[in-house]
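This report concerns only the one structure given below.
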Amino acid sequence: MARTCLAVVLAAGDATRMKSSKSKVLHTVGNLPLIAHVTHAAAAAGVDKVALVVGRDAEAVTKAASNGIDIPVSAVEQTERKGTGHAVLMARDIIAEGFDDVVVLYGDAPLIDPGSLKAAITERGNGADVVVLGFRAADPTGYGRLIERDGALVAIREHKDATAEERAIDFCNGGIITFSGREAISLLEAIGNDNAKGEFYLTDIVEIARARDLKCVAIEAPEADMMGCNTRAELADIEQVWQARARHGAMMAGVSMIDPGSVFLSHDTKFGTDVTVEPNVWFGPGVTVGAGATIHAFSHLEGAVVGEGAMIGPFARLRPGTELAERAKVGNFCEIKKAKVGAGAKVNHLTYIGDAVIGAGANIGAGTITCNYDGLNKHLTEIGEGSFIGSNSSLVAPIKIGNGAYVGSGSVVTEDVPEDALAIARARQENKPGRARVLRDKIAAFKARKNNAKT
């Protein structure tokens, strides 16, 4: 029979060092809350249920933790802060439901890899009663050390309590512990608070288990997996690690990045093969880029679908609701919002397209604006297939430009344009011979009078 596993995720800390009006675990990495990274990793590792220990912003934290996963999340509140062992016991009733394995995770450690979690759970299934995830630190100062003897974990020793010999150990405690569901409550209840802070430390569970002749082991994971966040500076460090992983994954899947370090991805950014991303591009949430597309430098995309072979930028902005069909082009200094741009259509430069549908093969001239907002409501602009919109035109929605229609440059179009029609909507030009010279003379005389008045 398949083993069952409960993840107890600790997310009740006050996080005063973040100096924020919201819970620490609601801050984001890759545009996803820290807590969601943890629960997503748990779900990917095969956990069956999450017991979420919450405090501040409990409702928002629970919602973020539940979003995007298909396993149940049950929240329990911790009103007092008495250490990690006390926090895990807040989930006593859920633990008592009966799981083969219980794994304790931390809501402010978003880099934990599902593979590392799965390895710990597997080790539990292979006969260990307690499994601790550890890492090798280049500088272990300040970390708790994992003390091993003959392949077994015998203790977790805090740095301040360690002997000189123990401090030389570079195998450090990562904080993530998996233990037998059958033994869980008994082990947790045995944790005492006879220490300087009077707190119940989860790490004591190792020596308690050893005293009961239970098998304890430590397995190694990358140090980055254990990175926790207490300050905004640490949040930035975690973001950098996450971004490096995400970029590497994208490049291994067939994306070319000229300067990977200048490209920023979101947790749900999706790429087809043979996509090229130039330097200084930002991908917000909800972006999908089709195969063979090119995203030129200094572009900003969010909530957008980019079709195969499309070209974006440089200096383009795609806002939520943008859908570009194959081979569409959005050029420099263009902004597209909630608009569908058909196959092969071109929005080349200095243009705003919002709340619009642009047909295949249409050409939108420089400086074109869809005037979609009347001060109260947004209205739709429809531009037909193969149509041509001349430069510096304003299309006042709601309006429909027919297939093959032509709008003369500088027009302010307020009525529908039939298919294959030419629309010119601008004042007629009138030339005044000699008036430019008269105007210059008047300006010169005004400036002279002004200068004389000053003197």
Side-chain angles (χ1 to χ4, degrees), residues 3-13 23-25 33-56 58 61-66 69 71-110 112-114 116-125 128-133 156 173-191 199-206 208-209 216 221 225-226 228:
R3 300 180 63 81
T4 58
C5 182
L6 171 71
V8 179
V9 182
L10 307 186
S23 168
K24 171 173 59 175
V25 300
L34 301 180
I35 188 65
H37 280 279
V38 178
T39 55
H40 285 200
V47 164
D48 298 282
K49 186 173 183 176
V50 172
L52 187 67
V53 182
V54 296
R56 181 180 180 185
V61 170
T62 304
K63 181 178 179 181
S66 306
I69 59 174
I71 59 174
V73 175
S74 295
V76 293
E77 188 176 5
Q78 183 186 20
T79 57
E80 297 179 281
R81 307 292 183 265
K82 295 183 179 181
T84 50
H86 173 263
V88 177
L89 262 179
M90 295 297 99
R92 178 199 303 265
D93 291 346
I94 302 173
I95 295 171
E97 291 175 11
F99 296 86
D100 295 303
D101 308 305
V102 175
V103 58
V104 178
L105 304 173
Y106 299 86
D108 62 354
I112 182 62
D113 185 84
S116 297
L117 277 183
K118 201 163 188 176
I121 295 168
T122 299
E123 189 68 19
R124 247 288 302 143
D129 296 289
V130 177
V131 180
V132 176
L133 272 182
I156 301 175
N173 176 34
I176 295 172
I177 300 179
T178 304
F179 42 90
S180 164
R182 185 179 65 254
E183 303 283 349
I185 292 177
S186 175
L187 290 170
L188 290 166
E189 287 179 336
I191 296 173
E199 294 187 352
F200 299 85
Y201 295 129
L202 183 63
T203 50
D204 289 350
I205 204 171
V206 172
I208 294 169
C216 301
D225 278 21
M226 312 299 173

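Quick note: residue numbers are just sequence positions, from 1.
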message: Using side-chain contact (heavy atoms from CB on, under 4.5 Å), reason through L187 and D129 one step at a time and then give a plain yes or no.
response: CA-CA 11 Å; L187 290 170; D129 296 289; over 6 Å; no

For the [atom1] atom of [X] and the [atom2] atom of [Y], what is their distance to the nearest 0.5 Å?
{"X": "I208", "Y": "E183", "atom1": "CD1", "atom2": "CD", "value": "12.0 Å"}
{"X": "S66", "Y": "I71", "atom1": "OG", "atom2": "CD1", "value": "9.5 Å"}
{"X": "I95", "Y": "L89", "atom1": "CD1", "atom2": "CG", "value": "6.5 Å"}
{"X": "I156", "Y": "Y201", "atom1": "CD1", "atom2": "OH", "value": "13.5 Å"}
{"X": "L105", "Y": "I112", "atom1": "CG", "atom2": "CD1", "value": "7.0 Å"}
{"X": "D113", "Y": "M226", "atom1": "CG", "atom2": "CE", "value": "10.0 Å"}

[X] vs [Y] side-chain heavy atoms within contact, under 4.5 Å:
{"X": "Y106", "Y": "T84", "answer": "yes"}
{"X": "I121", "Y": "V47", "answer": "yes"}
{"X": "L202", "Y": "L188", "answer": "yes"}
{"X": "V53", "Y": "V88", "answer": "no"}

message: Looking at every heavy atom in both I94 and A51, which two are closest together, and how far apart are they?
response: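 Here I94 and A51 meet closest at CD1-CB, 3.7 Å.
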
Would you give me the side-chain donor-acceptor pairs under 3.5 Å for residues 72-79, sequence neighbours excluded?
from: Q78; atom 1: NE2; to: E80; atom 2: O; distance (Å): 3.0
from: Q78; atom 1: NE2; to: H86; atom 2: ND1; distance (Å): 3.2

Listed partners of D48 passing salt bridge (charged side-chain N to carboxylate O under 4.0 Å, His left out), at least two apart: none

Under the salt bridge (charged side-chain N to carboxylate O under 4.0 Å, His left out) test, residues paired with R81 that sit two or more places apart: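 Expected list: D14.
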
query: Between D100 (side chain) and T4 (backbone), is there a donor-acceptor pair under 3.5 Å?
result: yes

- prompt: What pairs meet the side chain to side chain donor-acceptor pair (under 3.5 Å) rule with one or both residues in residues 34-46, with sequence neighbours excluded?
  reply: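 Residue pairs passing side chain to side chain donor-acceptor pair (under 3.5 Å), neighbours aside: none found.
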
- prompt: Restricting to pairs with a member in residues 87-97, which pass side chain to side chain donor-acceptor pair (under 3.5 Å), not counting sequence neighbours?
  reply: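 Residue pairs with at least one partner in residues 87-97: K49-E97, R92-E189.
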
message: What verdict does the side-chain contact (heavy atoms from CB on, under 4.5 Å) test give for L52 and I35, after you've listed the backbone C-alpha separation in whole Å, the side-chain angles of each residue and the deciding distance to 0.1 Å?
response: CA-CA 10 Å; L52 187 67; I35 188 65; 3.7 Å; yes

- prompt: With D101, which residues qualify under side-chain hydrogen bond (donor to acceptor under 3.5 Å, both in side chains), at least two apart?
  reply: R3, R124

